[in-house]
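Have a look at the structure below, then the notes.
Remember, predicted model here, so these are calculated numbers, not experimental data. Letters A, B, ... mirror the listed sequences (proteins, then strands); counts begin at 1.
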Amino acid sequence: MLDIKFIRENIQVVKTGLERRNGKFPDLDDLLRQEEERREGLQESEQLKNKKKKLSAEVGKLKQQGQDASKQMDEVKNLNVFIKELDEKVEGLETIIHEKLLGIPNLPDENIPDGVDESSNRFIREWGTKPDFTGESLNHVELGEKLGLIDLKRAAKISGARFAVYRGAGAALLRGLINFMVDVQTQENGYEELYPPFLVNEESLLGTGQLPKFGEELFAMKNDPLFLIPTAEVPVTNFHRDEILEEESLPVCYAAYTPCFRREAGSYGKDTQGLIRQHQFDKVELVKFSKPEDSNTELEKLVQNAELILKKLNLHYRVMELCVGDLGFSAAKTYDLEVWLPSQNTYREISSCSNFIDYQARRAKIRCKKKTGGKPEFVHTLNGSGLAAGRLFVAILENYQNADGTVTVPEAIRPYLQGREVLST
RNA sequence: GGAGAGGUGGCCGAGCGGUUGAAGGCGCACGCUUGGAAAGCGUGUGUAGGUUUACCCCUACCGAGGGUUCGAAUCCCUCCCUCUCCGCCA
């Protein structure tokens with residue numbers, strides 16, 4: 001959420017920033033008019049409250065002395081009518097203003113490219129090379145089903161479209177990948193592991209920005225006000241909601257494995273085949289809380305932390321900087337990691353690493369106390385996938401397939417599969 | 001799910017309906033003291049909003065939301081959370 005004070009004082013900056021994004025947002029001039037009205041009402045009400053307080057104290061004194069205080073009492077009663085009226089007006093305006101603020105996305109970082117979709121994303125770097133398949137190569141569904149690693153048909157029977165059953169060595173590989181990723185991030189990159197709840201309340205989803213605007217993407221519980229998490233970002237960022245952190249403790253870095261649940265409401269017909277787009281998938285998420293002045297450096301580190309997984313698995317990938325049109329609602333700047341998928345002859349997103357600056361922190365009230373004193377200020381929050389396990393599974397099958405239809409297990413994963421080197425029938 | 005107890009500042013812990021934003025303690029910061037440290041002494045130390053160049057000042061906040069009252073941390077109602085016991089359960 002943007003700071004209303006900031007909007008007031010930098011209206012042109014905000015307007016310019018929002019114009020870069022496509023979409024409809026609340027009218028800012030209206031918003032500022034309402035804010036002005038709110039402050040006027042507030043001041044008036046506070047003045048009356050001050051008067052009331054003084055009168056009530058007088059009543060107390062007079063009564064102690066056994067004197068008549070009915071005049072003061074009547075006066076306060078009278079004041080209360082006006083105060084109530086003003087407070088109701090102010091409260092109403094506050095609600096409207098708050099709701100509007102929740103509907104305004106973050107301002108994009110000044111330096112990210114303009115553009116309406118991914119075609120304007122900026123190439124940053126790439127690593128590794130595309131595998132060279134002389135013969136015909138198979139896609140991950142063909143490989144996975146042939147080798148008995150996944151069962152999509154039975155998953156559809158159990159749950160419906162966009163679900164998968166991993167079985168046998170496939171299940172072990174998925175589990176191994178998750179453990180591998182958590183181990184690398186905790187042991188080599190210094191993250192603390194968190195294992196959070198997979199169901200969260202509404203406040204948490206408001207804090208990270210999924211609600212109120214994107215409720216249709218969430219699976220909701222029928223009998224309880226809870227939602228399945230669409231990403232570990234939600235429980236992990238909200239871990240410190242309503243808290244004031246010590247400046248010396250920053251950056252605070254967490255890695256969390258969770259399954260993620262998404263309704264994929266806006267993606268009918270997209271990626272319907274295979275494991276690419278599922279209602280349930282597994283992901284190791286990296287979350288950072290940083291000092292404001294360090295967040296851009298921390299974003300670069302975060303991307304590298306995620307890249308390390310792909311390097312260790314020797315998978316070809318590229319790093320893209322998202323243009324404004326491709327940028328998420330709460331993010332100011334985002335890098336995507338895209339892994340090479342031979343079957344689609346293209347790169348597919350396997351990680352998205354974002355700096356939200358103070359946008360989520362303001363919503364979720366996550367601050368830090370400055371060592372030099374002064375008011376606590378909002379921290380910057382960042383997160384990124386490190387990585388999405390399902391898509392990583394896909395990338396391994398397709399990039400590590402052999403001419404005979406078997407799949408070589410990447411060396412880094414072998415310890416997690418009892419030393420197994422090849423997946424075959 | 002049933003019964004009971006409780007939720008007060010970074011932490012512990014007082015608090016009769018009337019200058020209580022809140023005693024006391026711990027912690028922390030600064031100063032004095034010391035060769036240095038500890039101890040001791042002194043001072044300071046919540047958050048948000050409004051106003052202000054700044055200081056000041058004002059308003060709100062004692063789990064959340066309502067109510068009673070001239071006046072509520074203190075009384076009443078609803079909800080949330082924690083703990084104990086019982087039930088159920090992996």
Side-chain angles (χ1 to χ4, degrees), chain A residues 1-10 31-102 195-207 221 223-227 235 238-250 252 259 289 358-379:
Chain A
M1 166 164 78
L2 300 181
D3 185 9
I4 184 71
K5 216 170 179 174
F6 180 86
I7 298 178
R8 223 162 69 201
E9 287 160 9
N10 304 277
L31 177 70
L32 285 187
R33 251 193 305 281
Q34 285 164 326
E35 164 66 3
E36 188 62 32
E37 212 179 314
R38 180 190 74 87
R39 280 187 303 153
E40 274 169 20
L42 185 66
Q43 280 177 39
E44 211 176 318
S45 155
E46 286 188 351
Q47 270 173 21
L48 295 183
K49 277 179 187 163
N50 181 241
K51 207 165 162 189
K52 166 183 169 175
K53 239 180 154 175
K54 284 181 178 152
L55 283 169
S56 289
E58 264 179 55
V59 173
K61 264 183 210 158
L62 289 171
K63 286 210 165 174
Q64 262 174 5
Q65 295 164 5
Q67 294 182 35
D68 175 54
S70 52
K71 192 180 141 221
Q72 283 81 353
M73 282 161 70
D74 284 346
E75 211 170 322
V76 174
K77 263 189 185 170
N78 200 25
L79 279 178
N80 277 340
V81 178
F82 293 105
I83 292 174
K84 196 176 174 192
E85 214 171 277
L86 281 167
D87 279 353
E88 273 167 9
K89 180 181 143 193
V90 169
E91 228 171 275
L93 285 165
E94 255 167 23
T95 308
I96 293 169
I97 292 164
H98 188 69
E99 270 168 15
K100 284 189 176 177
L101 285 175
L102 288 178
Y195 187 90
F198 304 157
L199 288 169
V200 293
N201 57 32
E202 205 170 302
E203 293 83 77
S204 295
L205 290 156
L206 279 168
M221 297 298 111
N223 297 320
D224 298 280
L226 293 170
F227 301 82
N238 280 281
F239 188 59
H240 288 302
R241 171 150 52 86
D242 293 320
E243 289 186 18
I244 300 179
L245 307 172
E246 292 297 329
E247 193 180 22
E248 308 93 87
S249 69
L250 301 175
V252 173
F289 302 82
D358 59 358
Y359 187 87
Q360 290 182 329
R362 182 168 293 107
R363 280 177 169 240
K365 298 193 188 67
I366 308 167
R367 289 166 290 178
C368 79
K369 199 172 227 162
K370 301 290 282 181
K371 224 182 162 187
T372 49
K375 280 197 164 194
E377 59 181 30
F378 290 108
V379 300

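Atom P of G15(B) sits at a distance of 15 Å from the matching atom of G63(B), rounded to the whole Å. For the P atoms, the distance linking G25(B) with U34(B) amounts to 26 Å, nearest Å. Spacing between U68(B) and C41(B) at atom P, rounded to whole Å, works out to 50 Å. Comparing the C1' positions of C55(B) and G67(B) gives an interatomic distance of 40 Å, to the nearest angstrom.
Within 6.0 Å of CD in E377(A) there are more than 12 heavy atoms belonging to other residues, nucleotides or ligands.
Scanning RNA chain B for stems, defined as runs of 3 or more consecutive Watson-Crick or G-U wobble pairs whose donor-acceptor distances all fall under 3.5 Å, gives the following ranges: B:1-7 with B:80-86, B:10-12 with B:24-26, B:27-32 with B:40-45, B:46-50 with B:57-61, B:63-67 with B:75-79.
The two residues F378(A) and R367(A) have their closest heavy-atom pair at CD2-CG, 3.6 Å. Closest approach of G41(A) to V90(A), counting heavy atoms only: C-CG2, 3.6 Å. L206(A) and L102(A) make their closest contact through CD2-CD1, 4.0 Å (heavy atoms, listed as atom of the first residue, atom of the second, distance).
In this structure, E35(A) pairs ionically with R8(A), as a charged nitrogen and a carboxylate oxygen lie closer than 4.0 Å.
For residues 86-97 of chain A, proximity to RNA chain B is found at no residue, defined as any non-hydrogen atom under 4.0 angstrom from a strand atom.
Atom NZ in K52(A) sits roughly 16 Å away from atom C1' in U19(B) (whole-Å rounding).
Nucleic acid contact for N80(A): sugar-phosphate only, since backbone atoms but no base atoms lie under 4.0 Å from a heavy atom of the residue.
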- Note on the structure: Under a 4.0 Å heavy-atom criterion, the protein footprint on nucleotides 48-61 of chain B, written with B, S and -, is SBSS------BBS-
